[in-house]
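FYI, side chains are in, hydrogens and waters are out, and symmetry mates aren't considered; it's all heavy atoms of this structure.
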Amino acid sequence: MQPLTTATLRDTLALLAGVVAPTIAKGAILRRPRMVALAERLDLDRRAIRRMQRLHERYGAGPLMLAIPGARRAVILAPEHVRRVLDESPDPFATASTEKREALKHFEPRGSLISRGEERGDRRRYNEAVLQAVRPLHELADRFVGVVDEERTRLHRGRGSLGWPEFSEAWFRMARRVVLGEGAGDDRELTDEIARLRADANWAMLHPVRRRLRARFLDHVARHMARAEPGSLAAVMSATPASEVTAPEEQVPQWLFAFDAAGMATFRALAILATHLEHTKRARAEAAERDPAREPLELLRATLLESVRLWPTTPMVLRQTTRETVWDTGAMPARTGILIYAPFFHRDDRRLPFADRFAPELWPDPSAAEDWPLIPFSRGPAFCPGRNLVLLLGSAMLGGLLRECAIRLASTHGLHPDRPLPATLNHFGLRFQLTSS
């Protein structure tokens, strides 16, 4: 069968310079504040979306091979191909791409995301069991919401304004308590260690692995896990069967890493709530009537999902073929790295009437992502197993703030309900004024 179309060298370089490079520069594993601010100022994500649109107009549905000497790489341009790649992961579209393995080995070399074969299956099952991936509410929801309430109260007590430094400190303290128990609540060193390793991971294979720091960090995690404090994920882990290849302590770093993205999404969702007052009014009423530990806060979960649709925390979804795959337009070789650029599909204003506006009506209807690949937490067999846990904790945080505070965004960052929303939102630069209700 004929091979897939290959982009010209010029178009390949334009894609690398206009889409891949800005995403990497912002920090794929740990965000770099100055680069995120620059991306917002220069509107780099909007430019990247436009670049993808031009590729689609020039080459059609694809997939499109890239002209990179010595490397097989392809970019996905059609929604039906996004669905195929994600629905047929991990075989023939493996989650353990070369780039992902080189990055994540810095802090979770045996994590499920970069595992293969039977090891991946074992570790994935363990993640799904502990995180209770298919349940809307985790069995420890009542305890987890209590932790959120305690940290939220501490966060805004006597505080007239709120920025990312204050929010992230409270958020990570909450995350440590949820994952590892009360004994980890004040352990900022744990968060600092993984942040240093994630900063290295931004450079992937270009930075040597700091093996002693990684070993110290993983030992640090294991010591907290050993307590198996009741009311924490560590306690659930202790009661969840594990094999000799599971490596439970190396699944935890991914959860701690993911909590950073969850915090970004929650803080950006707060910005949406501060600028879309009609939706906020309804969400505040829902938060006053429902206990999030017993009944999902659907409007606030929709706000979080929209936050991640509008500003994906994983903009580059990567896969790698395990064997040759056949498409309508040709054959893709084995070991081809595949790029799905989520902002292109989430914000393609040529085809989506809601592309650049806040559209909570898309959620929580599970069919929202069927006709078009809206993938805030990915999809298919490799979907994010922490999705419902993130939605629980984030909506509980937002609901509590709405019940107790009037929230005003000090600077709009272009967030107007009657104008197209920006393609980049610098969460580091957001600051809110809080007034007790």
Any chance you could lay out the side chain to side chain donor-acceptor pair (under 3.5 Å) test for Q254 and S112, step after step, and finish with the verdict?
-> CA-CA 9 Å; Q254 179 63 30; S112 66; over 6 Å; no
In short, L297 meets S395 closest at the heavy-atom pair CD1-O, 3.6 Å
Without swapping roles, check the side chain of N426 against the backbone of V36 for a donor-acceptor pair under 3.5 Å.
-> no
Considering all heavy atoms, the nearest P292-L392 contact = O-CD1, 3.4 Å
Cationic N near anionic O, under 4.0 Å, E128 to R124 = yes
Just wondering, more than 12 heavy atoms not from R419 lying within 6.0 Å of its CZ?
-> no
Here the gap from I375 atom CD1 to F345 atom CZ, rounded to the nearest 0.5 Å, amounts to 8.0 Å
Does the pair E102/K105 count as a salt bridge with the N-to-O cut at 4.0 Å?
-> yes
Residues L398, L304; criterion side-chain contact (heavy atoms from CB on, under 4.5 Å); working and verdict = CA-CA 9 Å; L398 294 171; L304 282 164; 4.0 Å; yes
Would you name the heavy atoms of R176 and T191 that are closest together and state the gap between them?
-> NH1-OG1, 2.7 Å
Hey, what do you get for OG (S168) to CZ (F259), rounding to the nearest 0.5 Å?
-> 14.0 Å
Determine the minimum heavy-atom distance between T12 and A7, stating which atoms define it.
-> OG1-CB, 3.6 Å
Salt bridge between R309 and E306, side-chain N to carboxylate O under 4.0 Å?
-> yes
Do F267 and H427 have their ring centres less than 6.0 Å from each other?
-> no
Within the side chain of R268, is there an N or O that forms a donor-acceptor pair under 3.5 Å with the backbone of L425?
-> yes
Relative to the ring of H207, is the ring of H106 parallel (under 30°), tilted (30 to 60°) or perpendicular (over 60°)?
-> perpendicular
Verdict with supporting geometry, V317 and L86, side-chain contact (heavy atoms from CB on, under 4.5 Å) = CA-CA 9 Å; V317 180; L86 298 183; 4.1 Å; yes
Without swapping roles, check the side chain of R431 against the backbone of S411 for a donor-acceptor pair under 3.5 Å.
-> no
Over-ring placement of R84 relative to W327, 6.0 Å and 45° cut-offs | yes
Would you sort out whether F428 and R34 count as a side-chain contact (heavy atoms from CB on, under 4.5 Å), showing the intermediate values?
-> CA-CA 9 Å; F428 296 111; R34 290 183 180 179; over 6 Å; no
Within the side chain of T246, is there an N or O that forms a donor-acceptor pair under 3.5 Å with the backbone of P248?
-> no
Less than 4.5 Å apart, any side-chain heavy atom of L256 and any of F172?
-> no
Can you say whether the rings of F167 and W171 are parallel (under 30°), tilted (30 to 60°) or perpendicular (over 60°)?
-> parallel
Does R32 use its side chain to pair, donor to acceptor, with the backbone of A25 at less than 3.5 Å?
-> yes
For the pair R72 (side chain) and A334 (backbone), establish whether a donor and an acceptor sit closer than 3.5 Å, ignoring hydrogens and angles.
-> yes
Would you call D349-R50 a salt bridge at under 4.0 Å N-O?
-> yes
Could you tell me whether the side chain of R110 and the main chain of E119 form a donor-acceptor pair under 3.5 Å?
-> no
Crowding at CD, E118 (>12 non-hydrogen neighbours, <6.0 Å) = no
Drop me the distance from L16's CG to R51's CZ, to the nearest 0.5 angstrom.
-> 11.0 Å
Output for pair (L197 CG, L213 CG), nearest 0.5 Å, gives 4.0 Å
CZ/F377 to CZ/R387 distance, rounded to the nearest 0.5 angstrom?
-> 6.5 Å
After noting the C-alpha distance and the side-chain angles of L409 and L430, does the key distance pass the side-chain contact (heavy atoms from CB on, under 4.5 Å) rule?
-> CA-CA 7 Å; L409 186 60; L430 295 174; 4.0 Å; yes
Which atom names give the shortest non-hydrogen contact between V221 and L180, and what distance separates them?
-> O-CD2, 4.4 Å
Could you pull out the closest heavy-atom pair between E108 and I114, with the gap in Å?
-> O-CD1, 3.4 Å
So, does T95 use its side chain to make a donor-acceptor pair with the main chain of L113 at under 3.5 Å?
-> yes
State whether R347 and D45 are salt-bridged, where the test is any N-O pair (Lys NZ or Arg NE/NH1/NH2 against Asp/Glu carboxylate O) under 4.0 Å.
-> no
Are any of the side-chain nitrogens in R357 or D418 under 4.0 Å away from the carboxylate oxygens of its partner?
-> no
Using a cut-off of 6.0 Å, state whether more than 12 heavy atoms not belonging to E278 lie near its atom CD.
-> no
Do N388 side-chain atoms and L137 backbone N/O form a donor-acceptor pair below 3.5 Å?
-> no
When you check the gap from the basic side-chain N to the acidic O, do D91 and R120 get nearer than 4.0 Å?
-> no
Is the backbone N or O of R123 less than 3.5 Å from a side-chain atom of N127, with the two atoms forming a donor-acceptor pair by type?
-> yes
Over 12 foreign heavy atoms within 6.0 Å of CG, D328 | no
Does CZ in R10 sit with more than 12 non-hydrogen atoms of other residues, nucleotides or ligands closer than 6.0 Å?
-> no
With a 6.0 Å cut-off on ring centres, are F107 and F257 close enough?
-> yes
Nearest-0.5 Å distance, CZ of residue F144 to CG of residue L389 | 6.0 Å
